[in-house]
Amino acid sequence: MDAKPLPFTTRVLGPQGDTHATGQRSDFTALFPASHRTKNDDIVVPQPDSEFLARELLVKRLNDVQDWLWVCGRPMPPRALREYQHHQVLNLREVAITEDPELHLVWSKNRIFLKPIPQYLLEPDFWAAHIIHNRELADCARGFLFSYAALIAYQSDYRIAMEKGLLPPGISWEEWKALTKEILENHCYASINPRYWYGELRLSRLNKVYRLRKGVVLRGYSRVGSYAVYGDLIRDNFAALATILGYVVIVLTAMQVGLGVERLQSDEAFQNASYGFTVFSIIAPLIASVGIALVVLVMFVSNWLVTKNYEGKRFDKMGVEPFWRREQTQSSMSDHLK
């Protein structure tokens, strides 16, 4: 399949790096981050290879549940940055920076996650050399830039973007207008990744979708909006239980008053209902408390097992042996010889 044309040709970055005789840029080192974490958690110098660009641009986890994204958001461009700023003033939602494309435009409670535009995505020569010939990368990159065409619409949005570090430094408002004009003129929904047919996505619903569709019960889609410590999980669940118990107390009080009314004293149905609800109000809180404790226990054991398993694999890959394991091995050998 022939590669589609570049989404823009406007140059908004300074003339850094080497150039060929044709004027095309060939050295993109200055446009990359200082380091890059691989899928194996190694820290390396970024290179414009498939692994680096895939982790920077692809949204495969969202595409895996693409047919359920309607539950998490609307198929419309994201709102402009100034609207998030208004929410931040009211302590409703603030912008949180992420470098994970899977979290771009995902919101949770009072935060919305935005990935800043990488400098290399604003360089036409980089597109021509490393992106445009890969359909999957190109569709994600086009969709990502289109999301920013919606986020930064007015000069007030531009000022917020520069303040938050969402745009590379040195890009003027006029340059951004020229770039956005080209992006929108060349925009076609069929040429962007389907994830970007949607704007903001609600994290709590993404977690539910992942638990139901993918079977990831404990983790969900992402833990960035989950509890940092087990104490918070226990507190919030017991707070919800206390709210329910408050309603139970009201009902029991009403039933107690009803039992003192002569008309209801002879009502067998009311007597049976009162008896059943009284027994339920005694047993249900105990069952709920045990249930909460079991959930916390399962999460703790699961996290512990995953962490220990990862630790062993990671140390083997690093080629090191922890000194405490060596001491334990030596101690056990000594005990065996005795």
Side-chain angles (χ1 to χ4, degrees), residues 1-17 19-20 22-28 30-33 46 48-50 52-60 62-63 66 75-81 99-102 104-105 114-155 157-158 161-162 166-200:
M1 181 181 295
D2 295 335
K4 295 183 179 180
L6 299 178
F8 65 93
T9 56
T10 300
R11 296 184 181 274
V12 295
L13 301 178
Q16 304 171 2
T19 58
H20 293 303
T22 59
Q24 288 187 332
R25 186 172 184 166
S26 61
D27 182 8
F28 306 104
L31 307 180
F32 295 151
D49 53 28
S50 58
F52 170 72
L53 293 176
R55 290 178 69 85
E56 284 279 299
L57 298 174
L58 298 188
V59 286
K60 290 184 177 180
L62 288 173
N63 292 149
Q66 186 70 46
M76 57 183 289
R79 289 174 292 178
L81 285 174
E99 293 295 345
D100 184 358
E102 303 272 14
H104 181 59
L105 292 174
L114 296 178
K115 175 180 171 64
I117 300 182
Q119 291 191 62
Y120 56 81
L121 274 191
L122 300 179
E123 174 53 62
D125 292 338
F126 186 87
W127 273 79
H130 300 287
I131 295 181
I132 201 66
H133 301 290
N134 186 316
R135 174 68 181 273
E136 191 176 19
L137 285 175
D139 288 356
C140 287
R142 282 194 184 92
F144 181 79
L145 289 182
F146 173 69
S147 72
Y148 266 96
L151 287 169
I152 309 176
Y154 285 78
Q155 197 161 4
D157 303 319
Y158 166 80
M162 298 302 290
L166 298 174
L167 283 177
I171 298 179
S172 67
W173 167 240
E174 295 301 326
E175 289 173 329
W176 175 253
K177 283 177 61 178
L179 179 65
T180 302
K181 181 176 181 292
E182 273 200 86
I183 292 173
L184 294 179
E185 287 177 345
N186 295 317
H187 170 69
C188 172
Y189 278 106
S191 298
I192 67 175
N193 187 281
R195 180 269 173 266
Y196 293 103
W197 297 350
Y198 294 80
E200 301 94 338

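Position 1 is the first residue of the sequence; numbering continues from there. Heavy atoms only: backbone and side chains are in, while hydrogens, waters and symmetry mates are out.
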Tightest non-hydrogen contact, residues E102 and K60, listed as OE2-N, 3.1 Å
Establish, yes or no, whether a centroid distance under 6.0 Å links the rings of Y120 and F28. no
Identify the two heavy atoms, one from S147 and one from H104, that lie closest to each other, and give their separation to 0.1 Å. OG-NE2, 3.1 Å
With a 6.0 Å cut-off on ring centres, are W173 and Y158 close enough? yes
Please name the pair of heavy atoms, one in L6 and one in A128, separated by the smallest distance, quoted to 0.1 Å. CD2-N, 3.9 Å
Using side-chain heavy atoms (C-beta onward) and a distance below 4.5 Å, is I131 in contact with L121? yes
Side-chain contact test, heavy atoms from C-beta onward, threshold under 4.5 Å: evaluate it for I117 versus L145 and give yes or no. yes
Does the side chain of F144 come within less than 4.5 Å of R195's, by heavy atoms? no
To the nearest 0.5 Å, how far apart are CD in E182 and OG1 in T10? 3.5 Å
Find the distance between CG (L137) and CH2 (W127) and round it off to the nearest 0.5 Å. 9.5 Å
Distance, nearest 0.5 Å, that separates CH2 of W197 from CD of Q66: 6.5 Å
Stepwise side-chain contact (heavy atoms from CB on, under 4.5 Å) check, L114 with L81: CA-CA 10 Å; L114 296 178; L81 285 174; 3.6 Å; yes
So how far is it from M162 CE to S172 OG, rounded to the nearest 0.5 Å? 9.0 Å
For F52 versus P33, what's the shortest heavy-atom pair and its separation? CZ-CD, 3.9 Å
Is the ring pair H130/F126 parallel, tilted or perpendicular, if the boundaries are 30 and 60 degrees? tilted
Compare all side-chain heavy atoms of Y148 with those of T180 and state whether any distance is below 4.5 angstrom. no
Check each of D125, L179, L122 against R11 using the side chain to side chain contact (heavy atoms under 4.5 Å, CB included) test, and report the only one that passes. D125
Testing the basics here: between C140 and N193, what is the closest heavy-atom pair and its distance to 0.1 Å? SG-ND2, 3.4 Å
Here the pair of heavy atoms bringing Q119 nearest to L13 is O-CD1, 3.2 Å
Minimum side-chain heavy-atom gap L151-L166 below 4.5 Å: no
Do the rings of H187 and F146 sit parallel, tilted or perpendicular, given the 30° and 60° boundaries? parallel
Would one find more than 12 heavy atoms of other residues, nucleotides or ligands at under 6.0 Å from atom OH of Y154? no
Test I132 against R142 for side-chain contact (heavy atoms from CB on, under 4.5 Å), laying out the working first. CA-CA 10 Å; I132 201 66; R142 282 194 184 92; 3.3 Å; yes
Could you tell me if the side chain of P101 sits less than 4.5 Å from the side chain of R55, heavy atoms only? no
